[in-house]
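Written below as structure tokens is the structure these notes are about.
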Amino acid sequence: MKAAPFEYSRPADIDEACAMLAADENARLIAGGQTLVPMMAMRLARPTRLVDINRIAGLSYIRQDGDAIAIGATTRQCDLERSATIARDIPLMAKAIPWIGHAATRARGTIGGSLVNADPAAEQALIAVTLDAVLNYREDKKTIEIAAGEFFVGAMVTSLPSTACLTGLKIPVWHGDRIGTGFHEVNARRSDFAFVSSAVQVQLDADGTCKRIAIGAGAATDFPMRLTSAEQQLVGSKLDAAKVKDVVTEALADIEALDDLHATAAYRKRVAVSMACRAVADARASALGEKLHAH
Ligand SMILES: Cc1cc2nc3c(=O)[nH]c(=O)nc-3n(C[C@H](O)[C@H](O)[C@H](O)COP(=O)(O)OP(=O)(O)OC[C@H]3O[C@@H](n4cnc5c(N)ncnc54)[C@H](O)[C@@H]3O)c2cc1C
């Protein structure tokens, strides 16, 4: 099938892009097109106008900004994958990106498009929530900041106003020694969307005690979640496997897990525990400088 007819515009800047959205409620921004174009081809999306933000100057960047790494909305997933800055300062993102689709989709797909699309299984949404990213968007000639934890409000639903353009995000960098990361997901094929995923970043004291930990669970629920109660109980512990399993199981006990053709809610809930335990174990091992087995 082919897309329904549509107009095409290439605004010069973000405010012009927002004005185009405000002028036509059926207009849509297009970034990498890796989700929108297939949706249009299947006629599941029928925008009257595509507002192409790819050539707006200054929307694609990866740079240090104070204690954070700032990333522009149209930054391609492949650029994040190859970035030395991301590998050094946001290693959890570097670990997760190869799990997104294929090399070909990562060559076009943008971080902004992925965040706004808000698929429950999107790896970049999970990393943003796990690392307390702050997102920026432009609307009505104003720039507004929103925490990643407040941005995602449902499956494929965000709190971004329909006339706004996401401009970028900032991810705080963890400083100091003995920082480790772990990322795990289960899917049918590596390039497919996850049925369940988990992202963990940890910092240990010199004696191996957990000083700081962030645990995120993806694809299990409508949008990525943090296992805050587990994090609180693990700080000050040695992250031994039995304790990790107990607190993670407790944190996931009452979730309303997604239930679909790919995986039942019961499966997702059970495997979310396993993924989180493995990700914590990997994060701990990498913080201690231990060599990990490839999965
Ligand atoms: C075969 C295949 C496999 C894939 N596998 C995965 C996977 O495993 N994990 C995963 O996370 N994703 C996966 N994807 C999706 C891919 O990551 C997309 O790149 C991403 O979902 C959308 O990014 P995009 O830049 O292509 O956005 P587009 O398709 O251009 O846009 C997506 C939506 O976001 C809106 N939008 C885009 N940019 C902005 C902005 N700056 N401000 C406001 N709204 C905006 C658009 O209007 C549209 O509604 C896969 C895609 C394909 C085709």
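Remember, it's 1-based here, ligands and their atoms both numbered in the order they're listed.
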Per-residue contact class, N187 against ligand 1 - non-hydrogen pairs under 4.0 Å:
neither

Is there any N or O on T105 that sits under 3.5 Å from an N or O of ligand 1?
no

Of the listed options Q77, R28, Q34, closest to atom 53 (C) of ligand 1 (non-hydrogen atoms):
Q34

For C165, atoms of ligand 1 separated by under 4.0 Å from a heavy atom
42 (N)

Side chains of N54 and D52 only: does a donor on one sit below 3.5 Å from an acceptor on the other?
yes

Short side-chain donor-acceptor distance under 3.5 Å, R278 and S198:
no

Answer with side chain, backbone, both or neither: which part of T110 has a heavy atom less than 4.0 angstrom from an atom of ligand 1?
both

What about A31: any of its N or O atoms under 3.5 Å from an N or O on ligand 1?
yes

N or O pair under 3.5 Å between G32 and ligand 1:
yes

Identify, by atom number and element, the atoms of ligand 1 in contact range of I30, meaning under 4.0 Å from any of its heavy atoms.
30 (O)

Pick from A45, G101, S114: the one approaching atom 5 (N) of ligand 1 most closely through a non-hydrogen atom:
G101

Taking only non-hydrogen atoms of T167, do any sit less than 4.0 angstrom from ligand 1?
no

Less than 4.5 Å apart, side chain to side chain, heavy atoms only: is that true for L160 and L135?
no

Please report whether ligand 1 has a polar contact with L166, defined as an N or O pair separated by less than 3.5 Å (distance criterion only).
yes

May I ask you to list the atoms of ligand 1 that are less than 4.0 angstrom from any heavy atom of W99?
8 (O)

In the structure I gave you, are the side-chain heavy atoms of L50 and L36 within less than 4.5 Å of one another anywhere?
yes

Answer side chain, backbone, both or neither: which part of H102 comes under 4.0 Å from ligand 1, heavy atoms only.
side chain

Does a side-chain heavy-atom distance below 4.5 Å link R28 with F6?
no

Quick one about S237 and K243 (side-chain donor to acceptor, distance below 3.5 Å, no hydrogens or angles considered), yes or no?
no

Could you tell me which atoms of ligand 1, counted from 1 in the order shown, lie closer than 4.0 angstrom to a heavy atom of N117?
21 (O)

Scan side-chain atoms only and decide if T143 and R138 contain a donor-acceptor pair under the 3.5 Å cut-off.
yes

List ligand 1 atoms under 4.0 Å from S191, heavy atoms only on the residue side.
5 (N), 8 (O)

Cationic N near anionic O, under 4.0 Å, K238 to D207
yes

Proximal atoms of ligand 1 relative to G109 (non-hydrogen, under 4.0 Å):
19 (O), 25 (O), 26 (O)

Decide side chain to side chain contact (heavy atoms under 4.5 Å, CB included) for V235 and I213; before the verdict, give the C-alpha distance in whole Å, the side-chain angles of both, and the deciding distance to 0.1 Å.
CA-CA 7 Å; V235 169; I213 186 164; 4.2 Å; yes

With atoms numbered from 1 as shown, which atoms in ligand 1 lie under 4.0 angstrom from a non-hydrogen atom of D192?
8 (O)

Record the part of R106 in heavy-atom contact with ligand 1 below 4.0 Å; permitted values are side chain, backbone, both and neither.
neither

Which residue and heavy atom of the protein sit nearest atom 44 (N) of ligand 1, plus the separation
V116 CG1, 3.4 Å

Using a plain distance cutoff, I'd like to know if G33 has any nitrogen or oxygen under 3.5 Å from a nitrogen or oxygen of ligand 1.
yes

Can you tell which part of I53 has a heavy atom less than 4.0 Å from ligand 1: side chain, backbone, both or neither?
side chain

I need the nearest protein heavy-atom contact for atom 27 (O) of ligand 1: residue, atom name and distance, please.
G113 CA, 3.5 Å

Option set L126, T35, L36, I97, criterion heavy-atom distance to atom 21 (O) of ligand 1, minimum
T35

Using a 4.0 Å heavy-atom cut-off, which part of P38 comes near ligand 1: side chain, backbone, both, or neither?
neither

Taking atom CG of D260 as the centre, report whether more than 12 heavy atoms of other residues, nucleotides or ligands fall under 6.0 Å from it.
yes

Would you kindly specify which portion of Y137 sits under 4.0 Å from ligand 1, judged on non-hydrogen atoms: side chain, backbone, both or neither?
neither

